[in-house]
Amino acid sequence: GASPPRPAARPPKPTAPRPDATRHVPDELLERVLAFVDATSWWRGSAFLVCRRWLDLRDRASATRVRVWTLNNTRICWSAERSGDNTSEAYVKRGFGFEVRGAPALGRISKLRFDGVGDNLTVSVYPNDNTSLRKHFLRVTEESWAEGEDPLFHRADLFTLDPDDATRFEAVESMRRHGRDYTTLPGYYYIRLKTTPKLLLKVHTFGEAGLLHIDRMTRARRHRTGESHGFCLYRAQSTSQSV
């Protein structure tokens with residue numbers, strides 16, 4: 001005969017939510033703890049993506065960590081480049097190189113140099129990466145950028161030998177735009193103008209460097225193949241580097 005009907009499955013027992021162990025910990029204390037933890041990989045988890053409090057703590061801890069960095073001729077030679085697969089938003093680790101066409105004496109540049117502190121730094125280059133020559137500091141302003149264009153560092157007047165006349169930048173681990181967080185690779189940082197945070201430093205595999213508007217990096221970054229938006233600052237996090 002027919003087998004008896006199987007009993008209906010019992011509904012799962014509701015589980016009590018885990019208590020938040022940090023609920024009574026002051027934000028200021030959590031911020032100071034997180035500022036000295038390498039959180040570039042684990043804080044991309046769901047807790048930081050859905051909780052307003054932890055999003056704010058992440059940004060504040062990041063700013064605190066960057067602020068205490070001392071950059072002393074720190075060599076930057078790795079960037080986070082948009083992969084060739086435009087179906088994703090992946091980044092890959094790449095070296096970079098560019099030329100300043102309006103200043104042939106600068107030759108080809110494959111290393112940037114950062115001086116200052118993490119939230120107030122200058123960007124410079126050595127001609128042909130030759131450290132025995134004088135450094136040339138980047139000097140760009142919002143006026144260097146025109147709507148819809150990426151200003152390329154091909155003009156000699158965008159560099160100065162006077163560090164006091166150099167443009168000031170700041171490093172940020174992530175950026176929030178149009179209700180979404182943007183990052184590149186763990187340990188890589190966006191470098192943006194202090195006076196105009198919407199403009200970011202970028203280099204391109206075709207040998208170009210310049211400024212990029214944040215909306216062109218966020219809304220259309222799947223179409224920025226070969227372009228680097230982040231720079232590796234692992235070497236700067238624990239101590240200053242003079243290489």
Side-chain angles (χ1 to χ4, degrees), residues 39-67 76 78-96 98 112 114 118-121 123 138 140-153 167-234:
T40 52
S41 57
W42 62 261
W43 75 10
R44 300 181 185 208
S46 59
F48 286 98
L49 297 178
V50 301
C51 177
R52 177 81 262 170
R53 181 195 184 201
W54 284 97
L55 280 172
D56 291 339
L57 281 171
R58 181 196 65 178
D59 293 344
R60 288 162 53 183
S62 174
T64 300
R65 179 168 49 254
V66 168
R67 191 179 304 122
I76 308 298
W78 294 106
S79 63
E81 181 183 294
R82 284 282 299 111
S83 73
D85 180 9
N86 275 335
T87 63
S88 69
E89 295 188 356
Y91 281 87
V92 293
K93 176 182 177 180
R94 285 281 190 272
F96 57 86
F98 62 92
L112 299 174
F114 290 178
D119 65 344
N120 188 20
L121 61 92
V123 178
L138 190 58
V140 294
T141 62
E142 186 174 3
E143 288 70 31
S144 305
W145 179 84
E147 188 68 34
E149 297 181 3
D150 302 340
L152 304 178
F153 303 154
T167 300
R168 296 289 170 167
F169 293 84
E170 60 183 351
V172 292
E173 290 176 286
S174 65
M175 294 186 299
R176 191 171 302 138
R177 189 74 169 173
H178 307 301
R180 176 181 171 182
D181 276 8
Y182 291 88
T183 58
T184 56
L185 295 174
Y188 285 68
Y189 294 75
Y190 299 108
I191 307 299
R192 65 187 185 188
L193 267 68
K194 279 189 68 70
T195 57
T196 314
K198 66 183 179 182
L199 298 182
L200 314 173
L201 186 65
K202 64 109 177 188
V203 293
H204 201 283
T205 189
F206 295 146
E208 301 173 341
L211 300 179
L212 181 70
H213 192 281
I214 184 174
D215 283 342
R216 304 193 73 179
M217 189 280 295
T218 55
R219 289 179 170 175
R221 73 174 178 175
R222 287 190 178 184
H223 307 289
R224 313 298 297 194
T225 303
E227 194 169 79
S228 296
H229 306 137
F231 298 86
C232 182
L233 282 173
Y234 270 137

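Predicted model only: the values in this text are computed from it and were never measured.
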*Should L199 and H213 be marked as a side-chain contact (heavy atoms from CB on, under 4.5 Å) after you check the CA-CA gap, both sets of side-chain angles, and the distance that decides it?*
CA-CA 5 Å; L199 298 182; H213 192 281; 4.3 Å; yes
_K93: which residues meet the salt bridge (Lys or Arg N to Asp or Glu O under 4.0 Å) condition with it, sequence neighbours left out?_
none
_Those residues that, when tested against T64, pass side-chain hydrogen bond (donor to acceptor under 3.5 Å, both in side chains) (two or more places apart)_ = E31
*Straight-line distance of H229 NE2 to T183 OG1, nearest 0.5 Å*: 13.0 Å
*Show the numbers, then the answer: is there a side-chain contact (heavy atoms from CB on, under 4.5 Å) between Y182 and I214?*
CA-CA 10 Å; Y182 291 88; I214 184 174; over 6 Å; no
*Give the minimum heavy-atom separation between L121 and A171, together with the two atoms involved.*
CD2-N, 4.2 Å
_Tell me the closest heavy-atom pair linking T184 and A80, and the distance in Å._
CB-CB, 3.7 Å
*Can L212 and Y190 be said to form a side-chain contact (heavy atoms from CB on, under 4.5 Å), step by step?*
CA-CA 11 Å; L212 181 70; Y190 299 108; over 6 Å; no
*asked:* For the CG atom of L211 and the CG atom of L138, what is their distance to the nearest 0.5 Å?
replied: 7.0 Å
_Which atom of D119 lies closest to which atom of K194, heavy atoms considered_ = O-NZ, 2.8 Å
*Write out all pairs satisfying salt bridge (charged side-chain N to carboxylate O under 4.0 Å, His left out) with one or both partners inside residues 182-193, taking only residues at least two apart or from two chains.*
E170-R192
*Any side-chain heavy atom of Y189 sitting closer than 4.5 Å to one from V172?*
no
*Please identify each residue that fulfils side chain to side chain contact (heavy atoms under 4.5 Å, CB included) with S79, with sequence neighbours left out.*
R94, F96, V203, S228, F231
*Are the side chains of L112 and I191 in touch, meaning some heavy atoms are under 4.5 Å apart?*
no
*Who passes salt bridge (Lys or Arg N to Asp or Glu O under 4.0 Å) against R177, sequence neighbours left out?*
D215
_F98 and H204, any side-chain heavy atoms less than 4.5 Å apart_ = no
*Regarding R82 and the six-membered ring of Y91, is the cationic atom NZ or CZ under 6.0 Å from the ring centre and inside 45° of its axis?*
yes
*For M175 and M217, what are the C-alpha separation, side-chain angles and deciding distance, and is it a side-chain contact (heavy atoms from CB on, under 4.5 Å)?*
CA-CA 11 Å; M175 294 186 299; M217 189 280 295; 3.3 Å; yes
